[in-house]
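Only heavy atoms go into these numbers, but all of them, side chains included; no hydrogens, no water, no symmetry mates. Reminder, nothing fancy here: chain letters follow the sequence lines and each chain counts from 1.
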Amino acid sequence: MKYDFKTIEPKWQKKWEDAGVFRAEDESKKPKFYALVEFPYPSGAGMHVGHIKAYSGLDVVSHKRRMQGYNVLFPMGFDSFGLPAENYAIKTNTHPHVITTKNVDHFKDQMKKIGFGFDWSREISTSLPDYYKWTQWIFLKMFEHGLVFRAKTLVNYCPHCKVVLSNEDSQGGKCDVCHSDVIQLPKDVWYLKITAYADKLLEGLDEVDYPDSIKQQQITWIGRSTGAFVDFTLDGTDEKLEIYTTRCDTLYGVTFMVMAPEHPTLDKYKDKIKNWAEVEAYRAECAKKTEFERTQLVKDKTGVKLDGLCAVNPVNGKKIPIFIADYVMMGYGTGAIMAVPAHDQRDYEFAKKFGVDIIQVIEGGDIEKEAYTGDGRMINSDFLNQYDNKKDSIAAMLEYLGEKGIGKKGVQYKMKDWAFNRQRYWGEPIPLVHCPKCGTVGVPYEELPLVLPEVENFEPGTDGQSPLARIDSFVNCKCPKCGGDAKRETDTMPQWAGSSWYFLRFIDPHNDRAFADPDKLKYWMPVDWYNGGMEHVTRHLLYSRFWHRFLYDIGEVNTKEPYAKRSYQGLILGPDGNKMSKSAGNVIDPLDIVEKYGADTLRTYVLFMGDYTAAAPWNDDSVKGCRRFLERVAGLTDIMTAKTEDGKIESLLHKTIKKVGDDIEAMKYNTAIAALMTLINEFGKAGSITKFDVETFIKLLSPFAPHLTEEMWESLGNKTMLAKTPWPEYDEAKTVDSTVEIGVQFNGKSRGTVVIPADADKDAAVAAVKESGKFTAQLDGKTIVKEIYVPGRILNLIVK
RNA sequence: GCCGGAGUGGCGAAAUUGGCAGACGCCCGGGACUUAAAAUCCCGUGGGACCCAAAUCCCGUACCGGUUCGAGCCCGGUUUCCGGCACCA
């Protein structure tokens with residue numbers, strides 16, 4: 001058969017669509033399989049080869065499962081709200097909706113040309129009102145359940161994008177969108193209380209099948225620690241200064257306290273603090289520092305000792321000095337610490353610099369050189385005389401603190417609440433109303449969706465206001481509660497909102513009475529397999545697990561966790577081995593490859609490149625190699641005969657069925673394709689092969705190269721589409737050879753091979769080696785003192 | 001610094017988890033076909049020792065050491081690279 005991919009590919013894409021082969025059935029007796037890939041943000045640049053790799057992986061699994069009789073849901077949609085479209089809109093003065101629609105069409109066209117088996121009848125787009133109606137609905141439910149709150153706090157603010165960013169969006173002190181330095185600004189912010197779900201998000205990890213690296217990243221990000229809150233007193237006042245510590249067993253070693261420069265309690269006692277001017281100067285200095293300076297240049301500790309104010313250690317009544325220093329953060333714990341220089345390296349460095357006492361209270365290490373942060377017996381206090389020596393000292397101290405009423409057990413998380421508003425246009429309007437009488441009131445559910453109004457100017461206001469604030473008809477409204485004059489919230493939701501629940505909407509995308517029908521949810525959830533990029537593992541994965549768990553808690557969904565299994569794909573690097581980027585000029589356009597070699601080649605190549613989870617550079621020559629492979633496949637029909645072959649091909653065929661099936665499930669696509677290449681090489685050597693051989697081969701290859709294989713399948717006279725044909729089964733007995741070639745070793749060194757019956761015992765194997773005549777050099781004049789035989793693998797003879 | 005992962009030919013990589021290291025593909029070399037080139041097909045291809053070949057032997061999975069009949073895989077140490085977190089009390 002001639003391999004004319006330019007005709008074949010569009011032909012089958014149309015046939016699949018017309019026949020609805022990839023459409024999932026809602027009412028089905030078949031076992032379900034919900035495969036999910038991260039829906040893209042429809043950027044103007046179109047699809048990236050990275051998308052192709054991410055989608056091809058589960059497309060292959062979906063094809064196979066479909067052939068195995070599963071009812072497969074493999075949907076696709078678009079995460080279409082977001083900054084790039086808005087920035088482009090500002091530049092070109094085009095409505096983001098227009099741009100987005102254009103980009104979505106472009107993406108869809110590209111995806112169809114690659115032949116992905118998506119169920120397009122379920123397409124969604126997060127920026128359409130019938131979708132974001134439900135994003136707003138879920139938000140209102142959270143508001144109702146007290147998970148939405150407003151607070152004036154120091155926030156991460158990007159001066160370039162003019163928006164407040166969540167912690168997750170400003171990792172490393174850089175804006176996730178434009179990479180400029182993020183600054184800290186006091187602002188009114190809407191928060192989603194994700195911290196209330198910290199423990200549930202941690203526990204949920206136990207019941208899902210995620211790679212350890214992903215679980216570990218989530219655990220690190222949540223950053224749970226257990227410790228104690230302890231009250232210190234400000235000397236000469238009734239003021240309790242609460243601190244958080246994970247090492248309350250070191251309380252006797254406290255020689256000073258440190259407060260974050262922004263700590264509000266300071267202002268209460270500015271009359272007592274004689275060097276207040278110095279404090280204010282230090283505060284100003286810290287506020288100027290960028291995140292980078294505060295976290296990266298950590299070698300040198302700075303701080304100011306408060307003059308006129310000191311604290312009292314509650315366990316021994318000692319008076320200790322108080323410092324303010326920026327190594328203590330306002331955003332973690334209580335913003336104040338007890339400093340134990342003998343047992344904390346940061347406190348140690350600070351104490352050395354400022355000449356504070358260092359008192360060792362835990363045995364171990366050498367505190368002349370550095371802090372000892374390990375565990376150990378308590379020393380230099382009579383604490384343990386009062387308490388059971390056998391008891392863990394932290395537990396003993398906690399008990400003591402409780403009895404005295406000066407402290408209690410506590411838990412802290414590094415994860416912060418989710419800053420949920422953006423002063424931007426192209427996002428879901430936050431459905432809240434500010435009423436002077438009733439306070440903040442939710443928009444009534446029946447008024448959803450709260451539609452994003454048309455504006456003429458998308459530029460954010462210079463005062464940090466959303467463009468929506470300039471539209472009086474939107475802003476001015478009646479309070480849903482009292483009917484009086486009120487004003488709408490004008491901020492919009494962040495990029496991550498729409499993607500936090502999209503997998504639920506795919507289940508029932510056109511429902512206008514609920515985000516999805518409960519029975520359908522019950523049938524399809526959870527997502528059986530979710531694949532995506534490693535870059536979404538802390539943000540999107542955590543956010544969507546949080547939303548889903550909330551919906552579970554209020555009885556809207558039936559599973560605690562949204563994704564039963566998560567996997568990830570490795571990056572495709574440019575041909576030069578660097579990350580692909582426009583500026584480096586090493587970007588590969590997938591559609592160029594489709595044009596030149598065909599979609600089947602592209603799909604096969606991205607999966608054959610190497611380990612699916614590892615980063616690998618693009619190589620044009622290797623693409624040609626995959627193309628050559630498919631050419632040879634197309635030629636298979638020419639060497640086909642009616643004759644039945646000897647057992648050799650049959651055995652290899654069954655082994656290959658097993659291997660390809662197993663490898664696809666393990667995402668070892670590269671070795672699955674390699675096995676098919678080996679098989680076709682053997683076909684070539686055999687000279688003649690049967691129709692059955694070819695048909696089996698075609699079925700195995702079809703998930704990777706669906707167009708070519710459908711065409712061949714049809715040309716072989718089959719009336720049913722290949723995509724609807726059962727996946728081949730293998731006969732275990734036929735995967736086992738009657739004879740095997742085993743390695744022969746002498747004293748552990750390989751010296752050759754010998755062919756023996758597969759069921760040969762040790763004596764038979766040794767006899768075969770002796771009789772082969774190949775090992776006389778090793779055997780003559782020697783005695784065998786030991787024989788190690790691993791059937792089917794190796795015979796190791798120890799000779800003297 | 002802490003957590004996770006990796007280091008195998010000229011290149012991308014395999015190795016059924018302790019059993020013949022380098023499957024499969026690329027590159028490269030040789031040959032066939034062709035007026036020629038491209039395409040295609042066949043053969044070879046980790047390094048080294050002997051003039052060629054066969055045969056044989058030696059070396060070889062980042063480095064040093066260990067366990068074992070046997071180590072790419074297990075253990076101890078070193079080192080480099082990638083990803084994540086990072087003054088988190």
Side-chain angles (χ1 to χ4, degrees), chain A residues 171-172 211-221 223 225 227 243-247 250 258 260 294-301 325-329 331-340 343-347 349-350 373 412-416 534-535 537-538 568 570-571 577 604-605 608-611 613-626 628-629 631-632 635 658-659 662 668 670-681 684 741-754 777 785-799:
Chain A
Q171 295 182 42
D212 280 345
S213 53
I214 292 181
K215 283 192 184 179
Q216 203 48 53
Q217 272 193 45
Q218 296 226 337
I219 292 167
T220 309
W221 188 259
S225 81
I243 60 96
Y244 174 72
T245 177
T246 54
R247 290 297 301 272
T250 63
V258 185
R294 243 181 116 148
T295 58
Q296 302 295 309
L297 308 172
V298 298
K299 282 155 240 155
D300 206 24
K301 297 267 182 300
D326 65 355
Y327 82 90
V328 172
M329 310 287 156
Y332 183 79
T334 62
I337 63 157
M338 63 176 213
V340 189
H343 305 292
D344 182 289
Q345 191 55 29
R346 293 150 309 182
D347 298 346
E349 284 161 21
F350 192 86
T373 54
Q412 280 293 303
Y413 303 94
K414 286 184 197 169
M415 181 171 71
K416 306 256 197 335
M534 209 54 191
E535 69 276 17
V537 158
T538 38
Y568 63 95
L571 234 48
T604 306
Y605 173 64
F608 182 65
M609 288 176 87
D611 180 347
T613 60
W618 184 269
N619 184 319
D620 269 319
D621 287 327
S622 291
V623 179
K624 284 182 212 155
C626 289
R628 269 202 283 269
F629 166 61
E631 293 275 3
R632 295 181 66 196
K658 182 172 158 59
K659 178 150 182 67
D662 291 350
K668 291 166 80 173
N670 54 338
T671 50
I673 295 166
L676 288 167
M677 288 171 168
T678 306
L679 183 59
I680 204 172
N681 288 344
E741 189 180 42
I742 64 162
V744 180
Q745 299 185 341
F746 286 89
N747 296 336
K749 288 201 180 230
S750 295
R751 289 292 181 243
T753 60
V754 69
V785 293
K786 198 175 175 187
E787 299 152 349
I788 297 131
Y789 177 55
V790 182
R793 300 250 168 260
I794 205 158
L795 177 67
N796 186 9
L797 300 174
I798 310 305
V799 294

Checklist entry - Given B/A89, B/G4, B/A23, which nucleotide is nearest the side-chain atoms of A/Thr245? => result B/A89
Checklist entry - In dot-bracket, 5' to 3', how would RNA chain B read with Watson-Crick or G-U wobble pairs under 3.5 Å, [ ] for crossing ones and | for pairs to another strand? => result (((((((..(((......[....))).(((((.......))))).((((......))))..(((((..]....))))))))))))....
Checklist entry - If we take the C1' atom in both B/G1 and B/A86, what is their distance in whole Å? => result 8 Å
Checklist entry - Base, sugar-phosphate, or nothing for A/Met534, non-hydrogen atoms under 4.0 angstrom? => result nothing
Item to check | Interatomic distance at P, B/G48 relative to B/A54, whole Å | outcome: 15 Å
Checklist entry - Considering only side-chain heavy atoms of A/Ile798, which listed nucleotide, B/C26, B/C69, B/C24, is closest? => result B/C69
Item to check | Nucleotide B/G10, atom C1' - distance to CG of A/Asp621 in whole Å | outcome: 13 Å
Checklist entry - Going through the distances and angles, do A/Thr245 and A/Arg247 end up as a side-chain contact (heavy atoms from CB on, under 4.5 Å)? => result CA-CA 5 Å; A/Thr245 177; A/Arg247 290 297 301 272; 4.0 Å; yes
Next on the checklist: For nucleotides 15-22 of chain B, give me one character per nucleotide, 5' to 3': B if any protein heavy atom sits under 4.0 Å from the base, S if the only such contacts are to the sugar-phosphate, - if neither.
Outcome noted: SB--BBS-
Checklist entry - What nucleic acid atoms does A/Asn681 come within less than 4.0 Å of, heavy atoms only: base, sugar-phosphate, or nothing? => result sugar-phosphate
Next on the checklist: In this structure, how many angstroms lie between the P atom of B/A89 and the CG atom of A/Asp326, rounded?
Outcome noted: 17 Å
Next on the checklist: When the P atoms of B/G77 and B/C3 are compared, how many Å lie between them, rounded to an integer?
Outcome noted: 13 Å
Next on the checklist: Donor-acceptor pair, distance only, cut-off 3.5 Å: does the side chain of A/Tyr605 make one with the backbone of A/Asn619?
Outcome noted: yes
Checklist outcome for this item: Of B/C87, B/G25, B/A89, the nucleotide closest to the side chain of A/Arg632 is B/G25
Item to check | Pairwise side-chain contact, A/Ile742 with A/Ile794, heavy-atom cut-off 4.5 Å (strictly under) | outcome: no
Checklist entry - Nearest to the side chain of A/Met329, which nucleotide is it out of B/C26, B/A14, B/C87? => result B/C87
Item to check | Rounded interatomic separation in angstrom, taking CG from A/Asp620 and P from B/C11 | outcome: 19 Å
Checklist entry - Hey, does A/His343 have a side-chain heavy atom less than 4.5 Å from the side chain of A/Thr373? => result no
Checklist entry - Base of B/U56 relative to its sugar, syn (within 90° of 0) or anti? => result anti
Next on the checklist: For A/Tyr327, does the six-membered ring have the charged nitrogen or CZ of A/Lys301 within the cation-pi criterion, i.e. under 6.0 angstrom from the centroid and within 45° of the normal?
Outcome noted: yes
Next on the checklist: Tell me the interatomic distance from A/Arg628, atom CZ, to B/C42, atom C1', rounded to whole angstroms.
Outcome noted: 14 Å
Checklist entry - Which part of the nucleic acid, if any, lies within contact of A/Gly625, taking any heavy atom under 4.0 Å across all strands shown: a base, the sugar-phosphate backbone alone, or nothing? => result sugar-phosphate
Checklist entry - Should A/Lys624 and A/Asp621 count as an ion pair when the cut-off is N to O under 4.0 Å? => result yes
Checklist entry - Which residue, A/Gly610 or A/Lys416, contacts RNA chain B at a nucleotide closer to its 5' end, judged by nearest heavy atom? => result A/Gly610
Checklist entry - What is the distance, rounded to the nearest whole Å, between atom CG of A/Leu676 and atom P of B/A23? => result 18 Å
Next on the checklist: Using a 4.0 Å heavy-atom cut-off, does A/Asn670 contact any base of the nucleic acid, only the sugar-phosphate backbone, or nothing at all?
Outcome noted: sugar-phosphate
Next on the checklist: Can you check the distance between B/G9 and B/A14, where both ends of the measurement are the P atom (answer in whole Å)?
Outcome noted: 14 Å
Checklist entry - Between B/C41, B/C58, B/C24, which one does the side chain of A/Lys749 approach most closely? => result B/C58
Item to check | C1' atoms of B/A23 and B/G31, separation to the nearest Å | outcome: 25 Å
Checklist entry - Nearest-Å distance, OH (A/Tyr568) to P (B/C82)? => result 17 Å
Checklist outcome for this item: Base orientation of B/G84, chi within 90° of 0 counted as syn, else anti, reads anti
Checklist outcome for this item: Of the candidates B/C57, B/C26, B/G12, the side chain of A/Ser622 sits closest to B/C26
Next on the checklist: Please report the distance separating the C1' of B/C20 from the corresponding atom of B/G25, rounded so that it comes out in whole Å.
Outcome noted: 22 Å
Item to check | Side-chain touch A/Thr250/A/Met338, heavy atoms, less than 4.5 angstrom | outcome: yes
Checklist outcome for this item: The residue, A/Lys624 or A/Ala615, whose nearest nucleotide of RNA chain B is more 5′ is A/Ala615
